[in-house]
Number of protein chains: 2
Amino acid sequence: MNLPAEIDDPSTCPVNRRDGVTLWRQIASRLQGDIASGALKPGGRLPTEAELSAQFGVNRHTVRRALEELSRSGLVRVEQGRGSFVAEDVLDYTVEPRTRFAEWIRKHNKEPSGIVRQLREIPADRRVADALGVRSGSRVVLLERLGLADDRPVSLTRHHFPATRLKGLLAALQATPRITDALRVVGVDDYMRLQTRVTARMPTPTEAELLRMPRTRPVLVTENINVDRDGTVIEFAIGCYPTPRVQIVFEP
Amino acid sequence: MNLPAEIDDPSTCPVNRRDGVTLWRQIASRLQGDIASGALKPGGRLPTEAELSAQFGVNRHTVRRALEELSRSGLVRVEQGRGSFVAEDVLDYTVEPRTRFAEWIRKHNKEPSGIVRQLREIPADRRVADALGVRSGSRVVLLERLGLADDRPVSLTRHHFPATRLKGLLAALQATPRITDALRVVGVDDYMRLQTRVTARMPTPTEAELLRMPRTRPVLVTENINVDRDGTVIEFAIGCYPTPRVQIVFEP
DNA sequence: ATGCATTTGTTCGTATGTATG
DNA sequence: GCATACATACGAACAAATGCA
């Protein structure tokens, strides 16, 4: 099964079938080099497996073995039906008593922005009512917002506020998209999180599209209750974060 | 589509097609009652949709509408290809500086146990080496353990210890499955977690089988570093927890 | 909604080189 | 030398997810 010598010329074909180094290792380290050198950029797309196998003159399985290795080490991200991509920086979401969206994003030297998807009053279902400590069916202000870092979606959050306790909040939120500012308008100067619960599930098609993530990867879901200085519950928030772009970090 | 009158007799067929209440609501509330009364037990299996539709004398779609409602409210869990199950108690995994497996399970009034899947020395790969602060390739003790609560799997954890720093640990772990005890043998009386990182991914087939969960639901993955009293890193642990059976809770 | 092209994922089977006893 | 086991590599076919017209 030996190939003609000229194909072993490194300039035309980078794989060396004689020196005892396995082909997939050669390919993996070559790709790793391209990523390290910046020839392949974070978030950028790698050639398809078919292209790589043609380029290196090996079987597709061999390329896949190399990609598997790079994927395991977190350098690339493989998505069925789409392709392989150079891994982006992971955005650590550090859970602290006073985490605010904009500060979180700025800490990673990215520009925060947001898109309000919904803002209206709704009756509380049982889950929301329990969390807020209000009667089921009583009015709550719902704010659904897509959070972006440098225009890449990183969170989809549903905020629930007790409307009767915070009169004028809906109007305040219509005036400003910043929750902290709107709360200040209705007299809440400070608030902090009481407890954060984390779970994971598959995204709905809408969520996957909004967060620009494949439907095959789970979202992290946080639920948390925010209280004001007196300990009164003022918010129940449910956040969705795309994996593995976002990770949640607890530092006690 | 009307059925003969006698079938409307509540004792033989619980659905009432005359009083204006939609069939799926009647079925949902009937099932909800069976769950509340304990006739259907947490984790137990509901009859198949076909059985339910025969039992209630309605179309399978109507049963599905009822199950959808119960699923949305979290009372039952529908798994494609397996069936519908009464939701079990969620096991909150509270992240604290000194969380120990057995204490976590006992706090939920369940009996902790574990199965050691692997216990041996391996060379550190880069990720583990970075976390432990040792050279890549240096020896680490690997302990992989399936954690059970009342004989139901709730965690799959890979513990990595620096072998050179903790001489005799492998032998100590062979003698006792309890990590805290084994560490005490090699001179570590106390340890605590420095940071916990949470993400989520789909389980491997093996993980799904071990954790007795469907392959369509994600696992929560935690990574954490434990240090002794001096701040020396003594453990890097990776834990997998099945959703939605286990949730992670952080209380600042 | 439907079909089609693209791309990755999975599973067969086959062959080869290397290390082991 | 021989049998065995294992990792590597290749080939073909099909399944599944995605994106697009």
Quiz prompt | Counterpart base for C:dA1, defined by Watson-Crick or G-U wobble contacts under 3.5 Å | solution =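 Result: none.
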Self-check item: Base-pairing assignment for D:dG1 (Watson-Crick or G-U wobble, both under 3.5 Å)
Solution: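 Per the H-bond distance test, none.
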Atom [atom1] of [X] and atom [atom2] of [N]: how far apart are they, to the nearest Å?
| X | N | atom1 | atom2 | answer |
| --- | --- | --- | --- | --- |
| A:Arg45 | C:dT7 | CZ | P | 6 Å |
| A:Leu52 | C:dT8 | CG | C1' | 12 Å |
| B:Met202 | D:dA16 | CE | C1' | 14 Å |
| A:Trp24 | D:dA9 | CH2 | P | 8 Å |
| A:Glu49 | D:dC10 | CD | C1' | 15 Å |

Quiz item: When you measure from every atom of DNA chain D, which of residues 58-72 of chain A have a heavy atom less than 4.0 Å away?
Solution: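 Residues of residues 58-72 of chain A that come under 4.0 Å of DNA chain D are, in numerical order, A:Val58, A:Asn59, A:His61, A:Thr62.
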Exercise. Name the closest nucleotide to the A:Arg82 side chain, picking from D:dA9, D:dG19, C:dT7.
Key: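 Of the candidates, D:dG19 comes closest.
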Self-check item: Contacts of type side-chain hydrogen bond (donor to acceptor under 3.5 Å, both in side chains), residue B:Gln195, not counting sequence neighbours
Solution: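 Applying side-chain hydrogen bond (donor to acceptor under 3.5 Å, both in side chains) to B:Gln195 gives none.
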Quiz item: Do other residues, nucleotides or ligands put more than 12 heavy atoms under 6.0 Å from B:Arg64 CZ?
Solution: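 No.
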Self-check item: Neighbour count above 12 (heavy atom, 6.0 Å) for B:Arg135 CZ
Solution: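 No, the 6.0 Å shell around CZ holds no more than 12 heavy atoms from other groups.
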Practice problem: Verify, without hydrogens or angle tests, whether A:Glu49 (side chain) and A:Val63 (backbone) share a donor-acceptor contact under 3.5 angstrom. | Solution: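 Here the side-chain-to-backbone pair does not exist.
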Quiz item: Backbone N or O of B:Leu211 within a donor-acceptor pair of the B:Arg245 side chain at under 3.5 Å?
Solution: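 Yes, B:Arg245 side chain to B:Leu211 backbone: donor-acceptor pair under 3.5 Å.
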Quiz item: Does anything in residues 209-217 of chain A reach DNA chain C, meaning a heavy atom under 4.0 Å, and if so which residues?
Solution: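 Heavy-atom cutoff 4.0 Å gives no residues at all.
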Exercise. For residues 162-179 of chain B, pull every pair meeting side-chain hydrogen bond (donor to acceptor under 3.5 Å, both in side chains), keeping only residues two or more places apart or in separate chains.
Key: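 side-chain hydrogen bond (donor to acceptor under 3.5 Å, both in side chains) check on residues 162-179 of chain B returns no pairs.
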Practice problem: Please determine if B:Arg193 forms a cation-pi arrangement with A:Phe250, meaning its NZ or CZ atom is less than 6.0 Å from the six-membered ring centre and no more than 45° off the ring axis. | Solution: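 No.
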Self-check item: Which residues share a ring pair (Phe, Tyr, Trp, His ring centres under 6.0 Å) with B:Tyr93, sequence neighbours left out
Solution: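 With neighbours one apart ignored, the set is B:Trp104, B:Tyr241.
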Quiz item: Does B:Phe85 have any ring pair (Phe, Tyr, Trp, His ring centres under 6.0 Å) partners at least two apart in sequence or in another chain, and if so, which?
Solution: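 B:Phe85 satisfies ring pair (Phe, Tyr, Trp, His ring centres under 6.0 Å) with no residue once adjacent residues are dropped.
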